[in-house]
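Protein chains get the first letters and strands the later ones, always in sequence-line order, with residue 1 at the start of each. Computed from a predicted structure; not experimentally measured.
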Protein chains: 2
Amino acid sequence: MEAQIDEILRKNQLSVTGSRKRILELFLMSNGALAHGDIEKKTGEKFDRVTVYRTLQTFLEKGIIHSIPTSDNSVLYALCKDDCSEGHHHDNHVHFICSDCGKTICLADVTVPQVKLPVGFLPQEYQMVVTGLCKDCR
Amino acid sequence: MEAQIDEILRKNQLSVTGSRKRILELFLMSNGALAHGDIEKKTGEKFDRVTVYRTLQTFLEKGIIHSIPTSDNSVLYALCKDDCSEGHHHDNHVHFICSDCGKTICLADVTVPQVKLPVGFLPQEYQMVVTGLCKDCR
DNA sequence: ATCTTTTTGCAACAAAGTTGCATGCTAGTT
DNA sequence: AACTAGCATGCAACTTTGTTGCAAAAAGAT
């Protein structure tokens with residue numbers, strides 16, 4: 001794990017620091033999505049709020065994580081698959097948000113279906129979020 | 001228009017007040033989505049910030065408007081079609097966000113395709129957001 | 001070990017959203 | 001048309017969330 005974390009950071013030309021390692025570790029452990037707030041809570045007093053913001057921002061730019069749109073006001077982040085290159089996300093799986101426990105789960109096996117758009121629209125990215133009850137909450 | 005606004009409010013058992021009329025009018029005029037900030041700007045000094053929040057909240061609950069997921073931190077609202085009943089949104093069209101001009105457009109003719117979920121998941125709502133370039137920005 | 005560059009924490013700030021309560025308005029009744 | 005109960009609004013104060021500049025600290029290269 002330790003080694004994996006280092007490798008991801010190195011591969012993206014990021015210096016290996018405490019906060020980056022810790023936050024990346026959180027993502028690797030939870031195989032779902034995390035909100036900024038979750039991360040702040042889980043890192044506890046260890047890092048400044050600002051550092052968390054900046055780390056997430058950096059990870060986003062490098063394509064290590066991607067943001068997931070939700071219909072309430074929260075923004076979620078999740079690890080990208082390996083084929084996410086800098087700036088270009090090919091993160092085309094469906095995300096599931098449980099309306100009971102609030103967890104977000106990446107349905108890695110469910111691909112986002114492509115839809116036909118009206119003439120004139122040039123699509124770059126498709127995102128799909130399903131809300132409902134997860135396995136554990138039914 | 002005036003009559004239409006009154007009817008919508010009455011149909012939802014809401015008392016007809018200045019702010020509700022004005023905000024509903026804004027939605028009817030702009031046939032796209034509006035952010036809270038947009039509404040605040042357009043209503044100018046006329047209504048309190050809190051009133052705008054509460055009005056949007058009420059409209060959401062009544063199913064007059066729905067919220068649209070975006071990948072940045074903003075929340076957008078748009079009018080529901082007539083078949084949105086209280087609490088239950090059947091707002092199953094795709095939303096398009098232009099990465100250049102930032103506008104969000106409801107693609108009312110493009111329905112969200114249903115996907116097969118892994119066993120155990122109980123879906124309640126499907127949402128799909130396409131990012132890209134709109135007609136005007138290509 | 002030393003130097004340069006990047007990252008962090010702090011402080012101060014700006015923006016976004018919430019809550020309680022007194023006042024004003026709406027809609028229904030007389 | 002006037003009255004009233006109940007809902008909606010505005011205000012103030014507050015919390016939460018996100019941003020910026022800058023000095024101190026840590027990382028990576030030599």
Side-chain angles (χ1 to χ4, degrees), chain A residues 2-3 5-26 33-62 64-65 67-77 86 102, chain B residues 2-3 5-27 33-62 64-65 67-77 86 102 104:
Chain A
E2 193 71 20
I5 291 172
D6 273 37
E7 198 207 311
I8 295 177
L9 291 175
R10 289 249 164 66
K11 207 170 64 186
N12 287 281
Q13 290 138 32
L14 290 174
S15 37
V16 179
T17 68
S19 63
R20 285 179 184 164
K21 279 199 285 187
R22 180 79 184 99
I23 292 175
L24 198 43
E25 188 188 27
L26 282 179
L34 296 172
H36 174 95
D38 296 333
I39 296 166
E40 253 187 68
K41 266 170 230 146
K42 288 186 185 173
T43 53
E45 308 289 292
K46 218 152 179 300
F47 304 108
D48 195 81
R49 226 157 48 82
V50 179
T51 303
V52 177
Y53 278 111
R54 288 197 269 227
T55 304
L56 288 174
Q57 190 55 43
T58 309
F59 284 0
L60 261 185
E61 281 161 12
K62 291 292 183 177
I64 299 174
I65 59 174
S67 64
I68 304 170
T70 64
S71 43
D72 63 342
N73 304 14
S74 63
V75 190
L76 295 169
Y77 302 95
E86 192 158 338
Chain B
E2 193 71 19
I5 291 171
D6 274 37
E7 199 206 310
I8 295 176
L9 291 175
R10 288 248 164 66
K11 207 170 62 186
N12 288 281
Q13 290 138 34
L14 291 174
S15 38
V16 180
T17 68
S19 65
R20 286 178 183 165
K21 279 199 286 188
R22 180 77 184 102
I23 292 174
L24 199 44
E25 187 188 27
L26 283 178
F27 276 111
L34 295 173
H36 174 96
D38 296 334
I39 295 166
E40 252 187 70
K41 266 172 228 145
K42 288 186 184 173
T43 53
E45 309 289 290
K46 219 151 178 302
F47 305 107
D48 194 82
R49 225 157 49 84
V50 179
T51 302
V52 178
Y53 278 111
R54 289 200 267 228
T55 304
L56 288 174
Q57 191 55 44
T58 309
F59 285 1
L60 260 186
E61 280 161 13
K62 290 292 182 177
I64 300 175
I65 58 174
S67 64
I68 303 171
T70 64
S71 41
D72 63 344
N73 303 13
S74 64
V75 191
L76 293 170
Y77 302 97
E86 191 157 341
T104 301

Practice problem: Mind calculating the distance between NZ (B:Lys21) and P (C:dC25) to the nearest angstrom? | Solution: 14 Å

Quiz item: Which angle, rounded to 10°, do you find between the first-five-pair axis and the last-five-pair axis of the helix from C:dA1-D:dT30 to C:dT30-D:dA1?
Solution: 30°

Self-check item: Partners passing salt bridge (charged side-chain N to carboxylate O under 4.0 Å, His left out) against B:Asp38 (at least two apart in sequence or in another chain)
Solution: none

Quiz item: Atom CG of B:Leu24 and atom CZ of B:Phe59: how far apart are they, to the nearest 0.5 Å?
Solution: 5.0 Å

Practice problem: State which residues pass salt bridge (charged side-chain N to carboxylate O under 4.0 Å, His left out) with B:Glu25; sequence neighbours excluded, sorted by chain then number. | Solution: B:Arg22

Quiz item: How many angstroms lie between atom OH of A:Tyr77 and atom CD1 of A:Ile23, to the nearest 0.5 angstrom?
Solution: 11.0 Å

Quiz item: Can you check the A:Asp38 CG to D:dT17 P distance for me, whole Å?
Solution: 11 Å

Quiz item: A:Leu76 has an atom CG; how far is it from atom P of D:dT17, in whole Å?
Solution: 14 Å

Quiz item: What is the distance, rounded to the nearest whole Å, between atom CD of A:Gln57 and atom C1' of D:dT17?
Solution: 15 Å

Quiz prompt | CD on A:Glu45 to OG1 on A:Thr43, rounded to 0.5 Å | solution = 9.0 Å

Using residues 49-58 of chain B as the side-chain source, report each donor-acceptor pair under 3.5 Å to any protein atom, sequence neighbours left out, with the distance given to one decimal.
unit_1: B:Thr55; atom_1: OG1; unit_2: B:Thr51; atom_2: O; d: 2.7
unit_1: B:Gln57; atom_1: NE2; unit_2: B:Glu61; atom_2: OE2; d: 3.3
unit_1: B:Thr58; atom_1: OG1; unit_2: B:Arg54; atom_2: O; d: 2.7

Are any protein N/O atoms closer than 3.5 Å to N/O atoms in nucleotides 6-11 of chain D? If there are, list each pair with its distance.
unit_1: D:dA8; atom_1: OP1; unit_2: B:Arg20; atom_2: NH1; d: 2.9
unit_1: D:dA8; atom_1: OP1; unit_2: B:Arg20; atom_2: NH2; d: 2.7
unit_1: D:dA8; atom_1: O5'; unit_2: B:Arg20; atom_2: NH2; d: 3.3
unit_1: D:dT9; atom_1: OP1; unit_2: B:Thr17; atom_2: OG1; d: 2.9
unit_1: D:dT9; atom_1: OP1; unit_2: B:Ser19; atom_2: OG; d: 2.2
unit_1: D:dG10; atom_1: OP2; unit_2: B:Asp48; atom_2: N; d: 3.3
unit_1: D:dG10; atom_1: OP2; unit_2: B:Thr51; atom_2: OG1; d: 2.4
unit_1: D:dG10; atom_1: N7; unit_2: B:Arg54; atom_2: NH2; d: 3.1
unit_1: D:dG10; atom_1: O6; unit_2: B:Arg54; atom_2: NH2; d: 2.6

Exercise. Starting at atom CD of A:Glu40, determine the distance to atom C1' of D:dT17, rounded to an integer number of angstrom.
Key: 9 Å

Practice problem: Would you check if A:Arg20 and A:Ser15 make a side-chain contact, meaning some heavy-atom pair closer than 4.5 Å? | Solution: yes

Quiz item: Has the side chain of A:Arg49 got a donor or acceptor atom sitting under 3.5 Å from an opposite partner on the base of D:dG18?
Solution: yes

Practice problem: Find the distance A:Glu61:CD to C:dT7:P and express it as a whole number of Å. | Solution: 11 Å

Quiz prompt | Heavy-atom check, side chain of B:Leu14 versus side chain of B:Ile64, under 4.5 Å | solution = yes

Quiz item: With A:Lys21, which residues qualify under side-chain contact (heavy atoms from CB on, under 4.5 Å), at least two apart?
Solution: A:Glu2, A:Ile5, A:Asp6, A:Leu9, A:Val16

Self-check item: Nearest-angstrom distance from the residue atom OH of A:Tyr53 to C1' of C:dA15
Solution: 11 Å

Exercise. Return the value, rounded to whole Å, for the distance between atom CG of A:Leu9 and atom C1' of D:dA27.
Key: 12 Å

